[in-house]
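The next block holds one structure in the form of structure tokens; read it before the comments.
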Amino acid sequence: MSDIVQYQLQGHVGVITLNNPPVNALSVGKGLLQGILDFIKAGDHDPAVRVFLLIGGGKNFSGGADITEFGKPAVPGMATLRDLCSYMETVSKPIVAAVAGPTMGGGLELALTAHYRCCAPGAQIALPEVKLGILPGAGGTQRLPRLIGVAPALDMIVGGEPVSSERALELGIVDELVTGDLRAGAIAYAKRVAAGGRPVRRASALVAAVDGDAAAFFAAARQRVAKEWRGYPAPLECLACVEASVTMPFDKGLIFERERFTYLVATNESKALRHVFFAERAAAKVKDVPDSTPMREIRSAAVLGAGTMGGGIAMNFVNVGIPVKVLELSQEAIDKGFGIIRKNYAATVAKGRLSQAAMDQRMALLTGVTSYDELKHADIIVEAVFEEMGVKQEVFRKLDAVAKPGAILATNTSTLDIDVIAAVTSRPQDVIGLHFFSPANVMKLLEIVRGAKTAPDVIATSMKLARTIKKVGVLVGVCDGFVGNRMVHAYFREAGLLLEEGALPQQVDRVMEAFGFAMGPFRVSDLAGLDIGWAIRKRQAATRDPQQRYSKVGDLICERGRFGQKTGAGYYRYEAGDRKPIPDPEIDALIVQASKDVGIERRDIGEQEILDRCLYQLVNTGAKIVEEGIAQRASDVDIVYVYGYGFPRYRGGPMMCADLTGLDKVHARVAEFHAQHGDDWKPAALLERLAAEGGTFNG
Ligand code: NAD
């Protein structure tokens, strides 16, 4: 028997300990489940055993299935979770599970198959399978509704969110909370179960019922779920399984659950979601910066600029208890910036998601300053001043003069060359880009931009900092727009060209929203404001390649003073106080005229062409980024897009989406567009090679 399950008889309690750190993943291959089954089988025949206790060896019960085993063939001689659960259904002695820490997915399904559950405080209890595009496939959808009622079970299974120990007790997921030492408390609880002569109490034998008309209840729920989870099959399948717990006997319900699970595992949506799960973990690894790299300590921070970005960046630090000095040009600018931060926190307090005391604590960690001298003790300084090279260089010269040795000097630039900024300091090894996304206190992505001379420990510390401030950090290299903005630029540009050729903004947006983006490119542009891009384009006009196609539609819209939502009009018009975009005949006419002016005969552009041209610009640009080494791996590009640009997670990011389509097909389409539209569509060498080899971006 392997060490990952241990057995000990404590009085008449057969204690089975799961011992598979770090989270007691229910590994089939390593024999964890078979081990539990064998001990239960042996104990069931042992008169000395009156009750079983299943308990985790570390801080938690079990985090669930070992997801690296997904889709792999069964291991001969090794029980699966379903085998174990169906064996537990036949056991004649009560089985108690000690729920603690993250008790998720298969871990919770195992606990639900036990007959009684005690629970440590501070547990996180969930069936999060839906987030990987699947459903609890070991009876969870059949047992939970029988145990706690249909409505709360539906919420947990469709939403996948964790509940606390206290809530689990209230719901009836667990029977008793155990304070103090869990092992001792759980053994005592198991003894009480045995002493009370309590029967085996199988969730499978209970009845799942709905108050009132079940068919109407599920019809309403189906409508709600379909709307909320547009385009994504797992939540509806979860719902169908919960419905089966009401309409089918337990055994039939299990078979139904298995069928729906098998179907979901094979869907592209589930493959994509599992890809994102692993990609996020892979992104934390830097190929040439080993985990053992020593880190610099970050106990205090400074932020330069209290504008749109600086304020949000400062919030990230104080949210996790790191004090921040915010340097501005004047006291008025500080007051203005801090006023916005205060308003932001107050809104969260008003929604009940933050206490007033916590808000006060955070505000107290912010200090506004106007003198560089105040920055000399900061462990990290993040610059978020105007996007102009001269201004940035001036700021970095001053920082170089005052910052303490070893301080990390970061810039939040969106477009400027980090190496040129670093070059004005005497310590380019300490300079790095920390590219936050707007709103910086909300958006999860942090592009960490490594300069040519950035030191490994500065990279390692920045990657760790991303986790500390609850961001997803992705390491990227220097190029215009880094990963995210370089790609979005190609995508939005293509969308602009589609307008000139025959499409309208509402049509392009509709296609991209049907694909799964929360907003299409023109709605995003109106939200972000059109004037900034216009200013950049005007600056670039002199150096623009005259051979490259250029759509003037965006400029013409700005020339009419339409800068998007902030002026009540952009690609769409907006009613006062309302963010709903309304297609505007004035813009339709402007676009038609723009086509005429450049001699393009407008044509009907089909939805597939709109989608392919927008999406494959992302993919082809992403491939160039990977082949140039700007991103470490294709999956990093996916993470940037999912966390920074609202790419639908269930499509896995642009590169995974292309993999799932087939790179031969993607390449053929890119080559077709290349022939039609010229060099903006030149296929990336990486795409060409992988398509020829039958490979994928994500290996
Ligand atoms: P902003 O105009 O809202 O804020 C800039 C602030 O910097 C102003 O409050 C200004 O008073 C202050 N400032 C200017 N020069 C300064 C100096 N020498 N010392 C101290 N403070 C100074 O601009 P923003 O949108 O917050 O952008 C700041 C930086 O962040 C830019 O580099 C920008 O490219 C980048 N960025 C912006 C976004 C975005 O969506 N707005 C996203 C990512 C990155």
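Order of listing sets the numbers, starting from 1, for every ligand and every atom in it.
Of the protein's non-hydrogen atoms, the one nearest atom 2 (O) of ligand 1 is F386 CE2, 3.5 Å. Of all protein heavy atoms, the one closest to atom 9 (O) of ligand 1 is E328 OE2, 2.5 Å. At the shortest separation from atom 40 (O) of ligand 1 among protein heavy atoms lies S438 CB, 3.3 Å. In terms of protein heavy atoms, atom 30 (O) of ligand 1 is closest to N412 ND2, 2.9 Å.
The main-chain N or O of V385 is found under 3.5 Å from a side-chain atom of K392 such that the two form a donor-acceptor pair. Judged by distance alone, with hydrogens and angles left aside, the side-chain atoms of T454 form no donor-acceptor pair with the main-chain N or O of I432 at under 3.5 Å.
Within 4.0 Å of atom 23 (O) of ligand 1, not a single protein heavy atom is present.
For the 3.5 Å distance criterion, the side chains of Y571 and D509 fail to qualify, holding no donor opposite an acceptor. Side-chain N/O atoms of E500 and S595 include no donor and acceptor closer than 3.5 Å. A donor-acceptor contact under 3.5 angstrom links the side chains of D526 and Y574, judged on distance only. Side chains of D638 and H275: a donor-acceptor N/O pair is present below 3.5 angstrom, by distance only. Side chains of Q617 and R493: no donor on one and acceptor on the other come within 3.5 Å. Side-chain atoms of R649 and Y643 form a donor-acceptor pair, as typed in the model, at a separation below 3.5 Å. Side-chain atoms of D680 and Q548 include a donor-acceptor pair closer than 3.5 Å.
When non-hydrogen atoms are compared, ligand 1 lies under 4.0 Å from neither the backbone nor the side chain of E394. Proximity of F436 to ligand 1, defined as any heavy-atom pair under 4.0 Å, is confined to the backbone N, CA, C and O atoms. Of all the heavy atoms of T415, none lies under 4.0 Å from any atom of ligand 1, so neither backbone nor side chain is involved.
Polar contact check, T413 against ligand 1: no nitrogen or oxygen pair lies under 3.5 Å apart. Close N/O approach between T308 and ligand 1 is found [any backbone or side-chain N/O within under 3.5 Å]. Polar contact check, H435 against ligand 1: no nitrogen or oxygen pair lies under 3.5 Å apart. Looking at M309 next to ligand 1, an N or O pair under 3.5 Å apart turns up.
Taking the six-membered ring where tryptophan is involved, the planes of Y641 and Y645 are essentially parallel, since the angle between them stays under 30° and well short of 60°.
In this structure, of A384, G337, G305, the residue bringing a heavy atom nearest to atom 5 (C) of ligand 1 is A384. Nearest residue to atom 31 (C) of ligand 1 from T370, V369, V385, L416 is V385 (criterion: closest heavy atom). Evaluated by nearest non-hydrogen atom to atom 17 (C) of ligand 1, the leading choice among L434, L304, I334, L329 is L329.
If you number the atoms of ligand 1 from 1 as listed, the ones under 4.0 Å from a heavy atom of S414 come out as 33 (C), 34 (O), 35 (C), 36 (N), 37 (C), 43 (C), 44 (C). Those atoms of ligand 1 that come under 4.0 Å of a heavy atom in E387, given as number and element, are 31 (C), 32 (O), 33 (C), 34 (O). The V395 neighbourhood of ligand 1 comprises atoms 18 (N), with distances under 4.0 Å to a heavy atom of that residue. Atoms of ligand 1 found under 4.0 Å from any heavy atom of G307, numbered from 1 in the order shown, are 3 (O), 4 (O), 6 (C), 9 (O), 26 (O). Within ligand 1, counting atoms from 1 as listed, the ones closer than 4.0 Å to a heavy atom of K392 are 31 (C), 32 (O).
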Stepwise side-chain hydrogen bond (donor to acceptor under 3.5 Å, both in side chains) check, E387 with T415: CA-CA 8 Å; E387 183 76 346; T415 51; 2.5 Å; yes

Y345 vs N441, test: side-chain hydrogen bond (donor to acceptor under 3.5 Å, both in side chains). Steps then yes/no. CA-CA 10 Å; Y345 280 134; N441 53 317; over 6 Å; no

